[in-house]
Amino acid sequence: MRRKRGDGKGCLLSVLGGQEGIDMENYQRTSREMLDFVEKSPTGFHVVKNLTEMLEKAGFQRFREEEDWRMGESDGFYVTRNDSSVIAIRLPARKDWKGFHIVASHSDSPAFKIKENPEMAVEKHYVKLNVEKYGGMILSTWLDRPLSVAGRLAVRDGQSVETRLVNVDEDLLVIPNVAVHLNREINKGMEYNPQVDMLPLFGDGVEETGTFLAKVAEAAGVNEEDILGHDLFLYVREKGKLLGANGPFVLSPRLDDQQCVFASMKAFLESVPQSYVNVCAVFDNEEVGSGSRQGADSDFLETTLRRLCEAQGLPAGEFHRLVAGGFLISADNAHAVHPNHPEISDPTNRPFLNGGLVIKYHGGQKYTTDALSAARMKSWCQRAEVPCQTYFNRSDIEGGSTLGHISTAHVSISSVDIGLPQLAMHSAVETAGIRDTEYAVGALCAFYKE
Ligand code: ZN
């Protein structure tokens with residue numbers, strides 16, 4: 001027996017057994033599905049590939065930005081940009097649309113990016129790779145773990161160039177720590193220099209340098225000399241897992257923001273729109289400020305929604321009416337109260353793992369939530385019987401930012417910022433709650449079904 005989506009009791013401390021046992025199976029199933037998605041998605045390019053496969057399977061039609069858009073039989077379609085951002089749209093059967101219902105999240109996570117000419121020989125005994133930081137990660141967490149390389153290649157194809165995704169599916173690299181005997185101060189706080197301390201070890205120097213790209217070419221099934229460009233990132237090889245007494249937590253790389261990406265696409269695909277045009281948008285480059293062609297600070301969302309209106313033959317002004325009548329949920333993970341540092345959270349807004357969806361507030365408007373948009377989000381949670389929590393930064397801590405307020409500067413639509421509670425954000429592996437992914441799916445289904 002499987003419980004109906006969204007009738008969760010939301011009881012943080014309830015015990016296993018009875019109905020709760022059935023609920024736990026459901027939470028576990030959704031969490032394992034989410035972890036499978038994360039494992040298959042070592043980079044934002046893979047996130048978008050996996051999302052588009054889900055959309056294709058559900059019968060969505062692909063539109064390309066450089067082509068004419070002719071609406072076919074399908075009521076759903078999607079567009080990608082740069083292979084790393086995607087916007088999927090599903091139309092309700094009735095024609096008197098009330099507005100756009102959008103959930104926005106991000107495909108990228110902090111990582112190290114491989115530079116051009118990356119191989120560096122060390123005294124003829126080691127080959128290491130030259131990398132740079134992508135986003136603001138906790139550097140030390142990348143040390144002493146099996147790592148590999150994945151991303152996108154630009155490959156010569158006759159007279160043209162095509163792109164190819166690649167994942168070198170083996171334990172290929174490690175960034176070794178310095179032994180405590182050689183740095184007795186290491187546990188007093190260490191400043192890591194990304195050009196010195198964070199370069200991954202690739203080989204033992206027995207082979208000449210020049211083997212890295214050959215390795216990548218082999219994994220991609222292309223000739224090394226045909227690789228004309230690459231966007232390659234290090235990724236953590238460890239698989240996500242459930243842990244804790246009776247398995248209440250998930251530990252996995254890239255939960256920020258793939259947990260929200262997964263939950264929003266799952267809700268989008270499970271929901272038949274009634275009065276609103278449903279939109280699931282996943283943007284790249286949030287971790288570096290969203291300012292790229294495919295980021296939230298681009299015209300991607302606005303252009304896509306305008307072209308939809310055009311392709312539907314809607315009169316001028318309809319775009320503005322649908323924006324004014326619409327709503328955007330910006331979904332990006334939130335900081336839960338830390339078990340070892342409960343004092344760094346706000347004194348009265350204290351989200352916990354497994355406590356439900358987090359509504360995020362910021363007086364300086366880094367989060368878009370206001371009284372009205374919070375109330376609407378709470379009503380969708382109530383409808384789905386999903387618990388929700390609130391997040392503010394402590395007033396003396398600056399906190400982070402996300403893509404909601406950047407998106408709404410382009411498409412000025414009512415908006416709320418939400419996230420799922422997690423610990424160790426931007427660590428190589430992050431910790432979240434087993435129930436919260438399912439809670440998010442439930443609440444977002446209520447939104448998409450309105
Ligand atoms: Zn994020």
Side-chain angles (χ1 to χ4, degrees), residues 34-35 37-38 41-48 51 84-86 102-113 133-139 141-142 233 235-236 240 250-265 280-292 294-298 300-301 328-336 338 351 353 357-362 365-369 389 391-393 397-408 415-433 436-437 439-440 444:
M34 184 272 293
L35 292 176
F37 178 85
V38 174
S41 306
T43 72
F45 298 108
H46 294 82
V47 168
V48 168
L51 293 177
S84 60
S85 294
V86 59
I102 307 166
V103 181
S105 57
H106 65 89
S107 60
D108 59 326
S109 298
F112 291 91
K113 190 159 195 258
K133 283 197 312 171
Y134 174 88
M137 68 280 263
I138 305 175
L139 291 171
T141 61
W142 285 75
F233 297 87
Y235 74 92
V236 171
V250 293
L251 175 73
S252 171
R254 302 182 295 281
L255 291 175
D256 172 16
D257 191 26
Q258 291 189 24
Q259 194 180 12
C260 284
V261 169
F262 172 81
S264 64
M265 184 55 79
C280 183
V282 180
F283 295 106
D284 194 6
N285 302 129
E286 190 277 340
E287 299 295 357
V288 292
S290 297
S292 64
Q294 57 279 356
D297 200 3
S298 72
F300 188 31
L301 180 62
L328 182 142
I329 297 176
S330 160
D332 195 2
N333 271 2
H335 304 296
H338 195 286
L353 303 184
L357 202 87
V358 181
I359 301 179
K360 303 194 273 186
Y361 300 76
H362 187 257
Q365 300 299 301
K366 279 187 184 165
Y367 302 134
T368 56
T369 311
Q389 322 183 71
Y391 177 86
F392 280 76
N393 294 322
I397 290 178
E398 194 186 348
S401 182
T402 182
L403 48 76
H405 70 293
I406 296 173
S407 290
T408 56
S415 176
V416 67
D417 270 273
I418 64 154
L420 298 177
Q422 70 159 101
L423 299 170
M425 190 179 285
H426 292 192
S427 172
V429 289
E430 303 168 325
T431 299
D436 296 316
T437 311
Y439 287 152
L444 296 177

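Please read all numbers here as calculations on a predicted model, not as lab measurements. The chain is numbered in sequence order, starting from 1. For ligands, and for the atoms within them, numbers begin at 1 and follow the listed sequence.
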- Row check, Y134 ring normal vs K113 NZ/CZ: under 6.0 Å, within 45°: no
- Message: Suppose we call two aromatic rings close when their centres sit under 6.0 Å apart. Are Y361 and Y367 close by that rule?
- Response: no
- To the nearest 10 degrees, could you say what angle the Zn ion (ligand 1) makes with NE2 of H106 and OD2 of D332? 90°
- Query: Nearest 0.5 Å, what's the OG-NE2 distance between S330 and H106?
  - Reply: 8.5 Å
- Roughly how far, to the nearest 0.5 Å, is CG of D257 from CZ of F283? 12.0 Å
- Message: With carbon and hydrogen excluded and only N/O/S kept, which atom of D256 is nearest the Zn ion (ligand 1)?
- Response: OD1
- Assess C260: does it contribute an N, O or S atom lying under 2.8 Å from the Zn ion (ligand 1)? no
- Message: Is E286 close enough to the Zn ion (ligand 1) that one of its N, O or S atoms comes in under 2.8 Å?
- Response: no
